[in-house]
Structure formats: C-alpha cells, structure tokens
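For reference, the structure discussed in these notes is given below.
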Amino acid sequence: MSKRDYYEVLGVQKNASEADLKKAFRRLAMKYHPDRMPGDKEAEVKFKEAKEAYEVLAEPSKRAAYDQFGHAGVEQGGMGGGGGHGGAGPGGFGDIFEDIFGDIFGGGGGRRSGTRAYRGSDLQYNLELSLEEAVSGTEVDIRIPSMQTCDTCSGSGAKKGSHPQTCPTCHGQGQVRMQQGFFSIQQTCPQCHGTGKIISDPCDDCHGQGRVEIQRTLSVRVPMGVDTGDRIRLSGEGEAGLNGGPAGDLYVQVILKEHELFTREGDNLYCTVPIRFTTAALGGDLEVPTLEGKVTLNIPAETQSGKKFRLRNKGVKSVRSASVGDLICTTVVETPVNLTKRQRELLAELDESMDEGGQRHSPKQHSWLDKAKSFIDDVKNDFFGSDKDKVD
C-alpha cells in the first residue's frame with residue numbers, strides 16, 4: 001500500500017515551520033498514542049504514521065530530500081542515521097518525544113544538564129499622579145521591596161567558607177527520570193527541588209535562598225500625556241534571578257487622582273461651568289480655567305443649560321503622538337438662591353411680562369406642555385372612549 005504524503009498526515013502546509021510541525025504532531029500523538037488508546041489497532045497505525053512523518057519533516061536534511069524526491073528520497077538506507085524509528089540515540093524518536101512532551105510532564109527538554117537558571121519575577125508598582133503631573137510629565141522617586149542577590153554569599157546560599165554540594169539524587173541535573181510504559185518522564189528532583197545542589201550549611205543572612213528582600217529607591221521618568229492604565233517598563237529592575245538568571249522587569253502602573261475641576265477621557269478634558277440665568281439669557285463673557293491658565297469664554301444670549309463649548313487644543317498632548325485634545329465646557333444654568341425682597345419683586349414682574357405679547361420665551365417648556373396635553377388626551381380616549389363612541 002502506498003504511503004500518504006507526510007504533510008497530509010500531519011495536516012500542515014509544505015511551508016510549515018518547525019513549530020507548526022511540532023504542534024501538529026503533538027496533537028496527533030496525544031490523540032492516537034497506544035497508552036491512551038490501548039488495544040486500538042487503527043489508532044496505533046495512525047500514531048506510527050504520524051511519528052514517521054514527523055521524524056522526516058523535523059530534520060532539515062531529510063525534509064529537503066523528501067521535498068525533492070518524495071518517499072524514495074528518505075527510504076534509502078532506512079529512516080535514519082540516528083537510531084531508526086524508535087531509536088533513543090541522538091536524533092532518534094526518544095529525543096524528539098522528549099522535546100515535544102517534556103514540558104507537559106515536567107522535563108522541560110530532557111537533554112538539559114546542569115543547574116537551571118531562572119529569570120526573576122516581574123514586579124508592579126501603582127503610581128498615583130495628579131492630572132497636572134501626568135499632562136506635563138515629571139520625575140518621581142519610588143521605594144519598592146524586591147528580592148536581590150545576597151551579598152554575603154554572592155547568591156550561592158551557602159555560609160561563607162562553605163560551598164553547595166551536588167545533589168546525590170539527581171547528580172546535579174535538578175531532575176529525575178521516571179519510566180512509565182512508553183513515556184520517559186522527567187520530574188523536578190524532590191531532594192534539591194530542581195537546583196541540583198544541596199546546601200548543608202546555609203548562609204545566615206538569606207537562609208540558603210541566595211536572595212534577600214531589600215527596599216530600593218528608584219527614579220522614574222514619567223513622559224508627558226500618560227493616562228490611567230499606562231505602564232512604564234523598567235527593564236531589569238524586578239526581582240533578581242535564581243542561579244545566575246537574569247532579573248525580571250518592573251512595571252510602573254499609572255493611576256490618575258481625581259481632579260477637582262476636570263475629568264479626562266483620552267486626550268480630551270471635560271469641565272462643568274455654572275452660569276447665572278441672567279448671563280444665559282443676555283449673554284456675556286466668562287473666565288474659565290485651563291491647564292495653561294485662564295481663557296475667556298463667550299456665552300451667547302439665550303444659552304440653555306447643557307450647552308457644550310469646545311476649546312480647541314486646550315486638552316492633553318497625547319503620549320503616543322503630537323496631537324492635542326480639546327477642553328469641552330458644559331454650561332449649567334443656576335437658579336438664584338437667597339433672594340432679597342426687591343429681587344423677588346423684580347422676578348415676579350419679569351414673570352408677568354413673559355405672558356404679555358403672545359411671545360414664547362420658553363420654547364422647550366411650551367413644546368413639553370403641548371406633548372403632555374396630547375398624551376393625557378390619548379390616555380383618556382383609550383380608557384373612556386371619545387364622544388363619538390358614546391351610544392345614546
């Protein structure tokens with residue numbers, strides 16, 4: 001029986017990357033592996049077929065030969081110079097299998113030797129800023145707790161004058177191998193917990209950890225225009241790594257404090273401006289604040305409450321571009337309070353004059369009253385019927 005195309009077997013395109021091949025084989029192996037499908041002959045055949053396809057396509061020289069000559073290009077001399085189909089030697093399926101499944105079962109690549117170095121953890125610091133600081137940019141000092149390499153033992157974890165010993169269980173590998181059927185599983189060594197070393201006489205300062213917690217003061221430059229949710233990354237300022245690994249990063253999370261006048265949305269600022277009802281009716285000039293100082297806002301006559309005025313380029317300069325937002329002022333017409341007797345009399349005279357001449361001085365009110373009257377009439381007709389519906 002002729003063999004199926006290897007790319008078709010794995011379900012990938014001919015230009016598939018090594019990562020794509022590994023992902024495809026992992027999926028098929030987990031689905032058809034004999035240990036997962038005991039006694040299923042069809043699954044066993046599909047597993048062997050996928051294994052053979054991956055062994056060829058995962059090795060560049062074999063893949064090149066297969067692409068040029070097909071199955072004939074890789075069948076000469078058998079499957080491989082490195083141990084055959086099930087070989088455990090270099091390049092054999094044992095190594096391929098470890099590469100693919102090692103991370104699932106704790107191996108992390110079974111051929112790695114020596115003590116592993118671990119990158120330090122990333123840290124996050126929440127930095128509260130005023131709106132003015134965020135808009136103009138600033139430089140602030142922050143104090144953060146973090147784990148740093150112990151100076152006393154230089155990170156070894158052993159007391160001065162002593163040295164860590166190689167773990168007798170894993171022989172310094174940090175992992176132990178367990179055989180379970182077809183699977184060769186590597187697990188973290190239970191004695192040294194993956195370090196590959198045993199510290200019999202730990203350092204008094206770090207207690208064998210190789211790291212100590214300290215308080216550090218860092219200077220953070222905040223660029224102009226940052227907003228809540230923006231993060232500033234300080235590379236290498238996180239926790240120290242283990243066994244000589246690199247340090248993590250520090251992320252400074254920006255949080256803006258509430259402002260007494262302005263609300264920020266993106267690059268725009270919003271401000272509520274109370275105005276007298278006389279100013280709203282007659283118009284006038286009003287001074288309003290901006291982040292750059294006061295500006296004069298012209299209020300036209302007959303301005304209604306809720307009217308918005310846009311002041312161009314009086315918002316925030318974007319941290320990601322050269323554009324500047326706007327300041328949007330929303331007017332709120334205030335009802336006067338604490339009136340004197342004379343003021344009440346004047347308002348009463350004004351109110352009486354509003355009904356003279358048939359002019360509508362409150363268009364929204366009259367429009368609302370008309371709609372309300374129409375609604376009430378409709379309700380009456382629905383419940384009680386019109387005069388035309390009455391029966392003599």
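Just so it is clear, the values below take in all heavy atoms, side chains as well, and ignore hydrogens, waters and symmetry mates.
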Could you check if a side-chain atom of L269 sits within less than 4.5 angstrom of a side-chain atom of L131, using non-hydrogen atoms only? yes
Step-by-step salt bridge (Lys or Arg N to Asp or Glu O under 4.0 Å) determination, E52 to K48: CA-CA 6 Å; E52 180 179 322; K48 289 181 179 179; over 6 Å; no
Could you give all pairs that pass the salt bridge (charged side-chain N to carboxylate O under 4.0 Å, His left out) test and reach residues 140-151, with sequence neighbours left out? none
Sequence neighbours excluded, which residues qualify as ring-ring contact (aromatic ring centres under 6.0 Å, His included) partners of H259? F262
Give a yes or no answer on whether the side chain of Y32 reaches the backbone of E49 with a donor-acceptor pair at less than 3.5 Å. no
What residues, two or more places apart in sequence or in another chain, satisfy side chain to side chain donor-acceptor pair (under 3.5 Å) together with N313? none
Would I275 and L286 count as a side chain to side chain contact (heavy atoms under 4.5 Å, CB included) if you check the C-alpha gap in whole Å, the side-chain angles of each, and the deciding distance to 0.1 Å? CA-CA 8 Å; I275 60 174; L286 186 68; 3.5 Å; yes
For P164 and S156, which heavy atoms make the closest approach, and how far apart are they? CG-O, 3.7 Å
Side chain to side chain donor-acceptor pair (under 3.5 Å) for T330 and K308? Distances and angles first, verdict last. CA-CA 4 Å; T330 303; K308 297 183 185 298; 3.2 Å; yes
Could you check D249 against R119 for salt bridge (Lys or Arg N to Asp or Glu O under 4.0 Å), going step by step and ending with a plain yes or no? CA-CA 10 Å; D249 299 330; R119 181 179 180 272; 3.2 Å; yes
So with a 6.0 Å cut-off around CD of E42, is the heavy-atom count from everything else above 12? no
Any donor and acceptor pair, going by atom type alone, linking the side chain of Q165 with main-chain N or O of H163 inside 3.5 Å? yes
Under 3.5 Å, sequence neighbours excluded: what are the donor-acceptor pairs made by side chains of residues 222-231?
unit_1 : atom_1 : unit_2 : atom_2 : d
T228   : OG1    : L256   : N      : 2.9
D230   : OD1    : R320   : NH2    : 2.9
D230   : OD2    : D227   : N      : 2.7

Determine, step by step, whether D5 and Y66 satisfy the side chain to side chain contact (heavy atoms under 4.5 Å, CB included) criterion, reporting the C-alpha distance in whole Å, the side-chain angles of both residues, the deciding distance to 0.1 Å, and the verdict. CA-CA 10 Å; D5 178 74; Y66 177 75; 2.9 Å; yes
Once side chain to side chain donor-acceptor pair (under 3.5 Å) is applied, what residue pairs with a partner in residues 10-21 remain, sequence neighbours excluded? S17-D20
Among residues two or more places apart or on two chains, list those pairs meeting side chain to side chain donor-acceptor pair (under 3.5 Å) that have a residue in residues 200-209. T152-D205
Verdict with supporting geometry, Q124 and D122, side chain to side chain donor-acceptor pair (under 3.5 Å): CA-CA 7 Å; Q124 178 172 306; D122 292 335; over 6 Å; no
Quick one: pull up CG in L28 and NZ in K23 and give me the separation to the nearest 0.5 Å. 12.5 Å
Is it the case that the side chains of D67 and Y7 hold a donor-acceptor pair, with the cut-off being a distance below 3.5 Å and no angle test? yes
Taking the side chain as every heavy atom from C-beta outward, state whether K31 and F47 have any atom pair closer than 4.5 Å. no
State the CD1-OH distance between I232 and Y251, to the nearest 0.5 angstrom. 12.5 Å
Should C271 and V288 count as side-chain neighbours, where that means a heavy-atom distance under 4.5 Å? no
Can you name the side chain to side chain donor-acceptor pair (under 3.5 Å) partners of E265, sequence neighbours left out? none
Going by salt bridge (charged side-chain N to carboxylate O under 4.0 Å, His left out), name the residues that satisfy it together with K307, two or more places apart in sequence or in a different chain. none
Close side-chain approach of R26 to Y54, heavy-atom, < 4.5 Å: no
Can you sort out the partners of E133 under salt bridge (charged side-chain N to carboxylate O under 4.0 Å, His left out), two or more places apart, ordered by chain and number? none
To the nearest 0.5 Å, how far apart are NE2 in H171 and SG in C189? 9.5 Å
Surrounding CD of Q215 (heavy atoms of other residues, nucleotides or ligands, distance under 6.0 Å), is the total greater than 12? yes
Validation row: L327, L297 side chains within 4.5 angstrom (heavy atoms): no
Check: residues 332-341 side-chain donor-acceptor pairs under 3.5 Å, at least two apart:
unit_1 : atom_1 : unit_2 : atom_2 : d
T340   : OG1    : Q343   : N      : 3.2
T340   : OG1    : Q343   : OE1    : 3.3

Using atom types as modelled and distance alone, determine if a side-chain donor or acceptor of R63 lies under 3.5 Å from a backbone N or O of A65. no
The salt bridge (charged side-chain N to carboxylate O under 4.0 Å, His left out) partners of R312 (sequence neighbours excluded) come to D326
So which pairs with a foot in residues 281-296 pass side chain to side chain donor-acceptor pair (under 3.5 Å), sequence neighbours left out? D285-N298, E292-K314
Decide if atom CZ of R216 counts as having more than 12 heavy atoms of other residues, nucleotides or ligands within a radius under 6.0 Å. yes
Applying salt bridge (Lys or Arg N to Asp or Glu O under 4.0 Å), run through E345 and R342 and close with a yes or a no. CA-CA 5 Å; E345 291 173 351; R342 177 57 181 157; 3.5 Å; yes
